[in-house]
Amino acid sequence: MIKIVSFKICPFVQRVTAMLEAKQIPYDIEYIDLKNKPEWFLDISPTGQVPMLITEAGQSLFESDAIIEYIDEISAPIQLGLTAEQRAINRAWSYQASKHYLVQCSMMQSGDKTVLDEREAKLHKSFEKAERQLGDGPYFSGDAFGNVDLAWLPLLHRAAIVEEHSGYDMLAQFPKVKAWQQVLLETGIPAKSVPEDFHQSFSDFYLAERTWLGRGANLNEPHGKPEQVKVGGCCG
């Protein structure tokens, strides 16, 4: 059976597990502490990052884009009958999502509203592109659920959790993206692609007292400079 090596709140990991869930491919998963990476992991990981996929043959694969392509190559496609051009377009739109994962992570860690606004402006550029591209839905490609939906799922799932806990809606300006978010949540894949304690782990890190979102996004407070904790380099 395929094995995934994971950090619980890494969006790159969730993209991989979401694809495995969507394709109904069984897998084992092992969570590691990125602050204290086990030697066995460092021995087989060229980058020291998650996700890592260990194949049934024991081969270790790294980099989430490569892992996604591998999963696609060993299983039936989610969307049938796509041309080479359509597959290339889907990969490009998937990249528009994944290159903003760490942008969103940084934004959610902002200690005050000024910093959050600066970081969110970068994230909004991605949502603006999606808003212009989305049609009548319900999915990115219309009626067909596909790889682009899976790539955007971590961004939209995290936005939903932030709104639920703090009242802050980072998709408020993007009605089509907001509707798309709801449809993806209703598939059940977001919940299946994360551990049972994901909400708690996510909240403990991104919605803690040190962050503006954690202290109550709708509260007016002086702009301070609470400690920032970086997660860049943990996954990719």
Side-chain angles (χ1 to χ4, degrees), residues 1-21 27-55 58-68 97-112 115-116 118-120 122-123 151 153-162 164-166 168 170 190-215 217 224-236:
M1 185 180 295
I2 286 173
K3 179 179 179 178
I4 303 297
V5 183
S6 171
F7 174 57
K8 285 186 177 182
I9 59 174
C10 177
F12 296 93
V13 171
Q14 188 180 13
R15 180 187 178 192
V16 170
T17 53
M19 173 170 276
L20 292 169
E21 291 289 346
Y27 62 97
D28 288 328
I29 191 162
E30 181 170 349
Y31 301 103
I32 63 172
D33 180 358
L34 293 181
K35 294 181 179 179
N36 186 25
K37 300 172 185 175
E39 285 299 322
W40 65 262
F41 174 71
L42 294 174
D43 288 342
I44 62 176
S45 172
T47 63
Q49 296 178 331
V50 294
M52 171 168 282
L53 183 150
I54 302 175
T55 69
Q59 179 64 54
S60 302
L61 306 180
F62 63 102
E63 294 293 347
S64 57
D65 287 336
I67 292 172
I68 289 293
S98 63
K99 74 176 184 178
H100 283 86
Y101 289 172
L102 293 183
V103 175
Q104 187 186 50
C105 290
S106 177
M107 171 250 172
M108 292 185 298
Q109 291 190 83
S110 301
D112 62 68
V115 174
L116 182 137
E118 292 172 355
R119 294 173 177 176
E120 189 176 35
K122 299 176 183 179
L123 183 62
L153 183 148
L155 290 174
L156 301 182
H157 186 204
R158 284 156 172 73
I161 295 172
V162 167
E164 176 186 346
H165 283 259
S166 71
Y168 189 83
M170 62 184 77
K192 293 177 182 178
S193 60
V194 293
E196 291 184 0
D197 62 347
F198 176 77
H199 277 230
Q200 187 62 53
S201 298
F202 178 90
S203 298
D204 288 346
F205 193 86
Y206 290 111
L207 302 174
E209 183 67 19
R210 67 182 178 83
T211 72
W212 183 75
L213 292 172
R215 291 191 302 275
K225 293 184 179 180
E227 176 187 1
Q228 299 298 308
V229 179
K230 295 181 180 179
V231 294
C234 70
C235 47

**Q** Tyr101 ring centre to Arg158 NZ or CZ under 6.0 Å, with the angle to the axis within 45°?
**A** no
**Q** Once rounded to the nearest 0.5 Å, what's the spacing between atom CH2 of Trp212 and atom OG of Ser110?
**A** 9.5 Å
**Q** Tell me the closest heavy-atom pair linking Pro51 and Ser64, and the distance in Å.
**A**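 What the structure gives for the nearest pair is CG-CB, 4.0 Å.
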**Q** Quick one, Leu153 with Ser193, criterion side-chain contact (heavy atoms from CB on, under 4.5 Å). Give me CA distance, side-chain angles, the key distance, then yes/no.
**A** CA-CA 10 Å; Leu153 183 148; Ser193 60; 4.3 Å; yes
**Q** Grab the two heavy atoms, one from Val103 and one from Arg119, that are nearest each other, plus how far apart they are.
**A** CG1-O, 4.0 Å
**Q** With rounding to the nearest 0.5 Å, note down the distance linking CZ in Arg215 to OG1 in Thr211.
**A** 6.5 Å
**Q** Would you indicate whether the side-chain heavy atoms of Val50 and Phe41 approach each other to under 4.5 Å?
**A**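 In contact.
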**Q** Take Glu120 and Gln104 through the test side-chain contact (heavy atoms from CB on, under 4.5 Å) and record every step on the way to the result.
**A** CA-CA 7 Å; Glu120 189 176 35; Gln104 187 186 50; over 6 Å; no
**Q** Is the closest side-chain heavy-atom distance between Phe12 and Ile67 below 4.5 Å?
**A** no
**Q** Working to the nearest 0.5 Å, report the span between NE2 of His199 and CG of Asp204.
**A**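 Taking NE2 in His199 and CG in Asp204, the distance rounds to 12.5 Å.
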**Q** Tell me, do Ile9 and Phe205 make a side-chain contact under 4.5 Å, heavy atoms counted?
**A** yes
**Q** Looking at every heavy atom in both Met170 and Ala159, which two are closest together, and how far apart are they?
**A**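 For Met170 versus Ala159, the nearest heavy atoms are CG-CB, 3.6 Å.
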**Q** Which heavy-atom pair separates Ile161 from Leu207 by the least distance, and what is that distance?
**A** O-CD1, 4.4 Å
**Q** Check whether any side-chain heavy atom of Ile54 sits under 4.5 Å from a side-chain heavy atom of Leu61, and report yes or no.
**A**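 Heavy-atom side-chain distance check fails, nothing below 4.5 Å.
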**Q** To the nearest 0.5 angstrom, please state how far the CG atom of Asp112 sits from the CD atom of Glu118.
**A**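 So the gap between those two atoms works out to 8.5 Å.
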**Q** With a 4.5 Å heavy-atom cut-off, do Leu53 and Ile2 have their side chains touching?
**A** yes
**Q** Just by modelled atom types, is the Gln200 backbone N or O under 3.5 Å from a matching donor or acceptor in the Asp197 side chain?
**A** no
**Q** Report yes if the side chains of Met107 and Leu116 come closer than 4.5 Å at any heavy-atom pair, otherwise no.
**A** yes
**Q** Who are the salt bridge (Lys or Arg N to Asp or Glu O under 4.0 Å) partners of Asp28, not counting sequence neighbours?
**A**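 Applying salt bridge (Lys or Arg N to Asp or Glu O under 4.0 Å) to Asp28 gives none.
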**Q** Which atom names give the shortest non-hydrogen contact between Arg15 and Pro154, and what distance separates them?
**A** N-CG, 3.9 Å
**Q** Output the distance between atom CG (Leu34) and atom SG (Cys10), rounded to the nearest 0.5 Å.
**A** 7.5 Å
**Q** Suppose we screen for side-chain contact (heavy atoms from CB on, under 4.5 Å). Which residues come up paired with Ile29, at least two apart in sequence or across chains?
**A** Ile4, Ser6, Thr17, Tyr27, Tyr31
**Q** Could I get the full list of salt bridge (Lys or Arg N to Asp or Glu O under 4.0 Å) partners for Lys3, not counting sequence neighbours?
**A** Glu30
**Q** Quick check: His157 with Phe202 (ring centres under 6.0 Å apart)?
**A**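 Distance test on ring centres: not under 6.0 Å, no.
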**Q** Got Met108 and Val162 here, is their nearest side-chain heavy-atom distance under 4.5 Å?
**A**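 They are in side-chain contact.
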**Q** What's the separation between atom OH in Tyr168 and atom CG in Leu213, rounded to the nearest 0.5 Å?
**A**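 Interatomic distance, Tyr168 OH to Leu213 CG, rounded to 0.5 Å: 7.5 Å.
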**Q** Looking only at non-hydrogen atoms, find the nearest pair between Pro190 and Val194 and report the distance.
**A** O-CG2, 3.4 Å
**Q** With a 4.5 Å limit on heavy-atom distance, are the side chains of Trp40 and Ile32 in contact?
**A**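 Counting from C-beta outward, Trp40 and Ile32 do come under 4.5 Å.
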